[in-house]
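Along the sequence shown, the residues carry numbers beginning at 1. Computed from a predicted structure; not experimentally measured.
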Amino acid sequence: MQQLKERYEAGTIGELIAVSGINRGRMPGDGLLIRNWPVGAVSDHTDHIVDIVRWITGEEVEEVYAETDTRFYDIPVEDVNLLSMTLSNGASFVLDGSWSTPQKNSFWGDARVELVGTQSTLSADCFGYQYTHVKDTAHGKHNESIYWGADPNNALLRDFVASIHGESTPATTVEDAVRTAAVIDAAYESVERGEPVNVS
């Protein structure tokens with residue numbers, strides 16, 4: 001994603017026309033839903049890709065139209081969602097943040113972004129550095145995906161600790177979190193109203 005941001009800022013794609021994002025994963029389990037709050041796939045997966053797209057492009061989400069449903073699990077919240085958004089420069093932004101990855105899949109899910117411009121298209125995959133390991137001797141888990149890329153969680157935690165110590169400025173500010181939360185709120189409002197909603 002860092003390389004995608006660098007190429008975008010260098011003007012490689014020309015004028016941004018459209019953005020496509022996916023962050024499909026496993027449903028985190030009834031424990032999370034019951035113990036904490038009735039959080040669905042929109043709340044769980046929208047923030048990551050919206051944060052990335054805002055960070056890369058510098059554009060804000062101005063409008064959201066959301067469709068949600070419960071298709072995979074017997075739960076009181078949505079496990080499927082598709083958000084159609086408009087960025088502040090007029091570019092369209094579509095995001096699938098569903099819990100559609102099977103529980104027994106060899107890897108938890110994915111996180112990808114594609115930027116379509118007037119000159120070229122660029123894409124990045126947060127977790128593309130992986131290989132599949134198959135073994136006959138395993139008890140219950142015969143296939144697993146081994147991720148060998150840089151550890152983004154480690155980098156985020158180090159950035160967080162450094163900012164607490166005053167050694168750096170946080171990569172994500174409270175204002176960023178508020179703006180992303182507003183996108184999630186607008187998505188749920190759109191579902192209730194059945195129409196696009198302005199992000200305020």
Side-chain angles (χ1 to χ4, degrees), residues 1-25 40-68 78 80-101 109-130 149-153 155-156 159 163 168-191 193-200:
M1 290 299 168
Q2 180 69 48
Q3 292 174 343
L4 182 61
K5 179 177 174 64
E6 290 168 1
R7 292 186 184 185
Y8 177 81
E9 291 177 344
T12 304
I13 71 166
E15 182 182 346
L16 183 66
I17 298 172
V19 178
S20 173
I22 57 173
N23 187 17
R24 300 164 299 192
V42 171
S43 294
D44 186 29
H45 280 180
T46 298
D47 55 339
H48 307 300
I49 301 299
V50 167
D51 279 346
I52 287 172
V53 170
R54 290 181 60 250
W55 173 67
I56 289 174
T57 67
E59 305 293 339
E60 298 294 341
V61 176
E62 291 193 337
E63 185 182 78
V64 182
Y65 175 71
E67 291 276 351
T68 67
E78 79 284 349
V80 174
N81 69 87
L82 184 66
L83 276 56
S84 297
M85 299 169 274
T86 304
L87 295 176
S88 48
N89 70 340
S92 62
F93 175 14
V94 178
L95 171 60
D96 177 359
S98 302
W99 288 336
S100 53
T101 301
D110 50 34
R112 296 183 220 159
V113 172
E114 182 173 81
L115 306 178
V116 179
T118 53
Q119 296 181 18
S120 66
T121 298
L122 294 175
S123 61
D125 184 346
C126 284
F127 303 102
Y129 295 116
Q130 58 181 281
D151 185 350
N153 290 327
L156 288 169
D159 176 72
S163 66
S168 68
T169 303
T172 303
T173 65
V174 173
E175 290 77 15
D176 288 325
V178 169
R179 288 182 189 225
T180 298
V183 174
I184 294 170
D185 286 345
Y188 282 119
E189 184 179 346
S190 173
V191 172
R193 291 169 47 181
E195 61 185 14
V197 169
N198 290 328
V199 178
S200 55

Ignoring hydrogens and geometry, is there a side-chain-to-backbone donor-acceptor pair from [X] to [Y] under 3.5 Å?
X: S190; Y: A66; value: yes
X: S120; Y: T12; value: yes
X: S88; Y: E60; value: yes
X: T86; Y: E63; value: no
X: D159; Y: L156; value: no
X: E59; Y: N89; value: yes

Hey, is E9 close enough to K5 for a salt bridge, meaning N to O under 4.0 Å?
yes
Any chance you could measure [X], atom [atom1], to [Y], atom [atom2], to the nearest 0.5 Å?
X: S123; Y: I22; atom1: OG; atom2: CD1; value: 10.0 Å
X: I56; Y: Q3; atom1: CD1; atom2: CD; value: 11.0 Å
X: L122; Y: I13; atom1: CG; atom2: CD1; value: 6.5 Å
X: T57; Y: L4; atom1: OG1; atom2: CG; value: 10.0 Å
X: H45; Y: L83; atom1: NE2; atom2: CG; value: 13.0 Å
X: M1; Y: Y8; atom1: CE; atom2: OH; value: 14.5 Å

Just one of N23, I184, T172 clears the side chain to side chain contact (heavy atoms under 4.5 Å, CB included) bar with D47, so which one?
I184
The single option from V19, V183, V94, V53 that satisfies side chain to side chain contact (heavy atoms under 4.5 Å, CB included) with M85 is V183
Might you confirm whether atom CD of E6 has over 12 heavy atoms from other residues, nucleotides or ligands at distances under 6.0 Å?
yes
Min side-chain heavy-atom separation [X]-[Y] under 4.5 Å:
X: E67; Y: E78; value: no
X: R54; Y: F93; value: no
X: D176; Y: P170; value: no

Residues which pass side chain to side chain donor-acceptor pair (under 3.5 Å) with D96, listed by chain and number, not counting sequence neighbours:
S98
So, using salt bridge (charged side-chain N to carboxylate O under 4.0 Å, His left out) as the criterion, who are the partners of R193 when residues are at least two apart?
E189, E195
Least distance between heavy atoms, N81 atom then A41 atom
ND2-CB, 3.4 Å
